[in-house]
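Step one of this worksheet: look at the structure below.
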There are 2 protein chains.
Amino acid sequence: MLDSYRDDIRDLDLFAGMKQESFEALMRGAYIQNFPPRIELISEGDTPDFLHIVISGSVDLFSSWNGRETSMATVRPVSTFILAATIKNAPYLMSARTLEKSRVALLPSEDVRAIFASDGAFARAIVTELAQCYRAVVKNTKDLKLRTSLERLANYLLRQQRHNGSPEFDLRMEKRRLASFLGMTPENLSRAFKGLEPHGIKVAGSRIIVHDIVALERFAKPSALIDRYDS
Amino acid sequence: MLDSYRDDIRDLDLFAGMKQESFEALMRGAYIQNFPPRIELISEGDTPDFLHIVISGSVDLFSSWNGRETSMATVRPVSTFILAATIKNAPYLMSARTLEKSRVALLPSEDVRAIFASDGAFARAIVTELAQCYRAVVKNTKDLKLRTSLERLANYLLRQQRHNGSPEFDLRMEKRRLASFLGMTPENLSRAFKGLEPHGIKVAGSRIIVHDIVALERFAKPSALIDRYDS
DNA sequence: GTGACGGCTTGACAATTATCAAGCGAAACA
DNA sequence: TGTTTCGCTTGATAATTGTCAAGCCGTCAC
């Protein structure tokens, strides 16, 4: 079962450079599990038992406090999540639930920490991964603190547009979750889409048409230091 | 000059476990510099030349966009900053300026990356450090997205109270900067302090008196997964 | 088909937060 | 001792964002 995905996992930057022996050791305790949609994989506050790798499907990372909930990120194949908690052996700061039918590889946390301690190449790969994650969260914080919700939506759409390469694309998530991810209510998101119509956006259901990129960019003022996923 | 602080640096978790030879190599290219208050040490977007270590004084990390500015964090001795940018050799996401007269050690980025590649213990220490930073930023994001500004202030005061160990303490930063750090305007912070008076807070200038911790906690609902710096 | 459900939208309204302008007061300075 | 400066506070007002309630409209099960 696991063997079918072994190569996908090995190809991840995180595992590509490590010793074959280390990789084998990691795979020995690992296994694959399939989940239906909307299953909670981990709950914030729990102690990390496994490093998770999304093989197919997608996973929502979210957090709650005082009866409120917010979507923090979406994990898409093939990538890991909650690496930091696993390494530090500290409680999860976020919960995770499947958004759709998903296949997930589970690597026992203790194995990960053991190999981390013994395989320098693996340790270095983890550094790169964590640095990447850290910088992504910093960018997100800048987005939240420096922009209004309308500006956040505008820049989100520009990022999607760039990612898709086409001026016309579908939102990859429910609007309610997009709203939560952008730090606003669904009602407000609905109005924000309306508010972007004078800036070159047309919306039809989950279909977005950027019919005037220049106008949208003039309004959104995208910045490499907030909106570029690379760098 | 550098020698006087060599031990302080070596005692940092980041450098404590590395090979003596690696540490020597790092120190060889390093030097100490003194800065007056309000000097900009680095600017976001620049390429990292040095890993910075605050030896004394304090440094504000902040970001700007579209004419707006927000304070992201305060670095106090003895600790490093912009480690992620240094390791990835990617542009700074934040700027840094001294808040007061400060002493800073500068380690050439190339040296740091070279030792990172050759010394496994150093790589592992960097992992721990980055994981810590990552989790801190995630907590900050939760604070921003899940709480109102009044709740953020209340929890900030509780954290300070806990840190000081006394129900009475001084704010460690200008209120305007605290406002920016908490994601609000100075005017709003002023009103927020007033708004916390019914919840056990008294304010006299920069002096804070928590005269009813229970009431404050009842309102603030602090959470380990947002407000604890350790874990 | 038909009805129920759920997500999205809309409108009215309320709460939160920001902006602008003015004034206060402590520290710095002449 | 006055004067200036600067950060903080306050009030009035505006903008932004959230809440509540209702309705729309697709999907899906029966």
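Proteins get letters first, then strands, A, B, ... in listed order; numbering begins at 1 in each.
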In whole Å, I'd like the distance from the [atom1] atom of [X] to the [atom2] atom of [N].
X        : N      : atom1 : atom2 : value
B:Arg177 : D:dC6  : CZ    : C1'   : 17 Å
A:Leu171 : C:dG7  : CG    : P     : 16 Å
B:Leu153 : C:dT16 : CG    : P     : 15 Å
A:Met173 : C:dG7  : CE    : C1'   : 16 Å
B:Phe193 : D:dT9  : CZ    : C1'   : 12 Å
A:Glu174 : D:dG26 : CD    : C1'   : 13 Å
B:Asn188 : D:dT13 : CG    : C1'   : 15 Å
B:Arg152 : C:dT16 : CZ    : P     : 13 Å

Could one point to a donor on the side chain of [X] or the base of [N] with an acceptor on the other under 3.5 Å away?
X        : N      : answer
A:Arg176 : C:dG6  : no
B:Arg147 : C:dT17 : no
A:Glu187 : D:dC20 : yes
B:Arg191 : D:dG11 : yes

[X] has a side chain; which of [options] sits nearest to it?
X        : options                : result
A:Ser149 : C:dA18, D:dT17, C:dT10 : D:dT17
A:Lys194 : D:dT9, C:dT9, C:dA18   : C:dT9
B:Thr185 : D:dG18, C:dT19, C:dT9  : C:dT19

**OP:** Verify whether the ring centers belonging to A:Phe62 and A:Phe181 lie closer than 6.0 Å.
**Re:**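 No, the ring centres sit 6.0 Å or more apart.
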
Subject >> Exercise: do A:Thr74 and A:Arg177 side chains pair donor with acceptor under 3.5 Å >> reply: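 Indeed, the side chains of A:Thr74 and A:Arg177 share at least one donor-acceptor pair under 3.5 Å.
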
Original post:
Is B:Arg103 salt-bridged to B:Asp8, cutoff N-O under 4.0 Å?
Top reply: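 Looking at B:Arg103 and B:Asp8, the cut-off is not met.
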
Original post:
Are A:Glu187 and A:Arg176 close enough for a salt bridge, meaning some N to O gap below 4.0 Å?
Top reply: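 Salt bridge between A:Glu187 and A:Arg176, a charged N being under 4.0 Å from a carboxylate O: no.
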
**OP:** Using a 4.0 Å heavy-atom cut-off across all strands, classify B:Gly195 as base, sugar-phosphate, or nothing.
**Re:**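 The answer is nothing, as B:Gly195 stays clear of every strand by at least 4.0 Å.
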
**OP:** Using a 4.5 Å cut-off on heavy atoms from C-beta on, say whether the side chain of B:Ile208 contacts that of B:Lys202.
**Re:**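 Not in contact.
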
